[in-house]
Amino acid sequence: MREVMIIGASGHGKVAADIIEKSGDRVAGYLDDNEELGNAFFGYPLFGKVDRYIEYMQYEFVVAIGNAAIRERIVNMLAGVRWYTAVHPSAVIACRDVAVGEGTIIMANAVINPGACIGRHCIINTAAVVEHDNRIEDYAHISVGARLAGTVHIGKAAWIGAGAVVSNNLSVCAGCMVGAGCVVVKSIEETGTYIGVPARRMGAGDEIGTAYENSDTD
């Protein structure tokens with residue numbers, strides 16, 4: 001049995017705990033910088049701020065935070081830890097030619113098909129579909145119910161919103177945000193926030209851009 005410390009006492013942290021338990025491993029507890037949370041979260045001990053990680057090096061770690069920039073910053077901070085890759089037992093992962101990087105979280109009912117290569121510390125959220133020969137770079141977040149058709153390339157720290165669709169043989173550049181329900185029908189080469197059917201880059205007058213840019217949700 002593996003013992004895991006979760007970074008991030010929030011919604012993603014709850015999901016990570018559930019995956020760890022269902023995988024037959026044990027949640028040691030949480031680290032989180034929010035001092036208002038007290039001494040426990042979701043029925044597990046809350047041991048304090050993230051910078052105390054050095055006291056718990058006997059455990060494996062997973063960062064359960066939706067925001068890619070924060071996730072990457074914390075990963076870079078946690079020098080020398082062993083990373084836990086969390087895969088829900090109900091996820092359907094092809095038995096051949098699939099690579100999943102360390103620290104990645106794959107949630108319930110996700111589908112990962114042959115030829116897919118998923119980077120380090122990604123989030124493949126509930127019921128997301130990653131089709132054959134996809135390449136998903138480090139820290140990317142594929143949200144609830146998002147669907148990536150065959151031979152799609154998702155750049156580092158890109159965020160594909162809930163229910164969004166990326167058509168086959170396309171790429172989405174690093175750091176890009178694709179909004180919920182968006183349909184991408186041509187490659188996205190310019191960083192920004194994209195919305196609509198088909199996807200278009202948001203302009204200065206699109207007020208919901210702030211919500212996407214600050215999002216740490218599913």
Side-chain angles (χ1 to χ4, degrees), residues 1-88 101-108 110 119-126 128 137-144 156-162 174-177 179-180 193 207-218:
M1 177 186 293
R2 300 159 72 182
E3 296 183 298
V4 186
M5 183 69 73
I6 300 171
I7 306 295
S10 62
H12 278 294
K14 292 179 181 179
V15 176
D18 182 67
I19 294 171
I20 292 163
E21 286 192 336
K22 282 186 167 63
S23 298
D25 295 321
R26 188 181 81 84
V27 177
Y30 290 90
L31 295 174
D32 194 287
D33 287 345
N34 185 353
E35 295 179 322
E36 297 180 359
L37 291 172
N39 297 319
F41 179 78
F42 198 48
Y44 299 100
L46 182 56
F47 292 109
K49 292 187 176 182
V50 176
D51 61 11
R52 294 186 59 186
Y53 78 94
I54 198 71
E55 302 173 33
Y56 304 101
M57 296 292 281
Q58 70 270 34
Y59 302 123
E60 296 180 51
F61 285 75
V62 66
V63 182
I65 295 173
N67 184 291
I70 296 173
R71 198 159 66 253
E72 182 174 8
R73 176 176 58 80
I74 291 174
V75 167
N76 291 334
M77 171 185 169
L78 270 62
V81 306
R82 293 172 296 135
W83 294 109
Y84 182 87
T85 301
V87 180
H88 195 283
E102 65 179 8
T104 284
I105 300 175
I106 299 177
M107 297 185 184
R120 300 167 58 251
H121 305 287
C122 294
I123 294 175
I124 310 299
N125 220 308
T126 307
E137 296 190 21
D138 298 348
Y139 303 103
H141 185 161
I142 313 302
S143 294
V144 174
K156 179 181 176 181
W159 181 69
I160 309 299
C176 188
M177 291 188 170
T193 300
E207 296 180 359
I208 63 170
T210 302
Y212 284 127
E213 289 163 7
N214 294 331
S215 177
D216 188 26
T217 64
D218 296 336

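Note that the coordinates shown come from a computational prediction; the quantities given were computed from them, not determined experimentally.
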Q) How far apart are the C-alpha atoms of Arg71 and Ile7, what are their side-chain angles, what is the distance that settles it, and do they pass the side-chain contact (heavy atoms from CB on, under 4.5 Å) test? A) CA-CA 9 Å; Arg71 198 159 66 253; Ile7 306 295; over 6 Å; no
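- How far CD1 of Ile142 is from CD1 of Ile160: 5.0 Å, rounded to the nearest 0.5 Å.
- The distance from atom SG of Cys122 to atom CD1 of Ile106, rounded to the nearest 0.5 Å, is 9.0 Å.
- Between Ser143 and Ala128, the shortest heavy-atom distance links the atoms O-CB, 3.7 Å.
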Q. How far apart are the C-alpha atoms of Ile19 and Val62, what are their side-chain angles, what is the distance that settles it, and do they pass the side-chain contact (heavy atoms from CB on, under 4.5 Å) test?
A. CA-CA 11 Å; Ile19 294 171; Val62 66; over 6 Å; no
Per-pair distances, 0.1 Å, donor-acceptor, side chain in residues 33-43, under 3.5 Å, sequence neighbours excluded:
| unit_1 | atom_1 | unit_2 | atom_2 | d |
| --- | --- | --- | --- | --- |
| Asp33 | OD1 | Val50 | N | 2.9 |
| Asn34 | OD1 | Glu36 | N | 3.0 |
| Glu35 | OE2 | Lys49 | NZ | 3.4 |

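- The side-chain heavy atoms of Phe61 and Arg82, taken from C-beta on, include no pair separated by under 4.5 Å.
- The closest side-chain donor-acceptor pair between Asn125 and His141 falls under 3.5 angstrom.
- When side chains are defined from C-beta on, Ile105 does not count as touching Val15, because their heavy atoms never get closer than 4.5 Å.
- Within the structure, the salt bridge (Lys or Arg N to Asp or Glu O under 4.0 Å) test picks out the following pairs touching residues 2-12 (sequence neighbours left out): Arg2-Glu60, Glu3-Arg26.
- Separation of atoms CG (Leu31) and CD1 (Ile74) is listed at 9.5 Å; rounding is to 0.5 Å.
- Not a single donor-acceptor pair under 3.5 Å links the side chain of Thr126 to the backbone N or O of Ala108.
- When side chains are defined from C-beta on, Glu72 does not count as touching Val75, because their heavy atoms never get closer than 4.5 Å.
- Looking only at side-chain heavy atoms (C-beta outward), Val63 and Trp83 come within less than 4.5 Å of each other.
- Pairing each heavy atom of Asn67 with each of Ile70, the nearest pair is OD1-N, 3.0 Å.
- Across Ser23 and Tyr84, no two heavy atoms sit closer than the pair CB-OH, 3.9 Å.
- Closest of all the heavy-atom pairs between Ala28 and Pro45 is O-CD, 3.7 Å.
- Side-chain contact between Ile6 and His12 is absent, with no heavy-atom pair separated by less than 4.5 Å.
- Within the 4.5 Å cutoff, side-chain heavy atoms of Met5 are placed close to those of Phe47.
- The two atoms that bring Tyr44 and Ala17 nearest to each other are CE1-CB, 3.9 Å, heavy atoms only.
- Contact record, Glu102 with Thr85: CA-OG1, 3.3 Å, taken as the closest heavy-atom pair.
- Side-chain contact check for His121 versus Asp138: every heavy-atom pair is 4.5 Å or farther apart.
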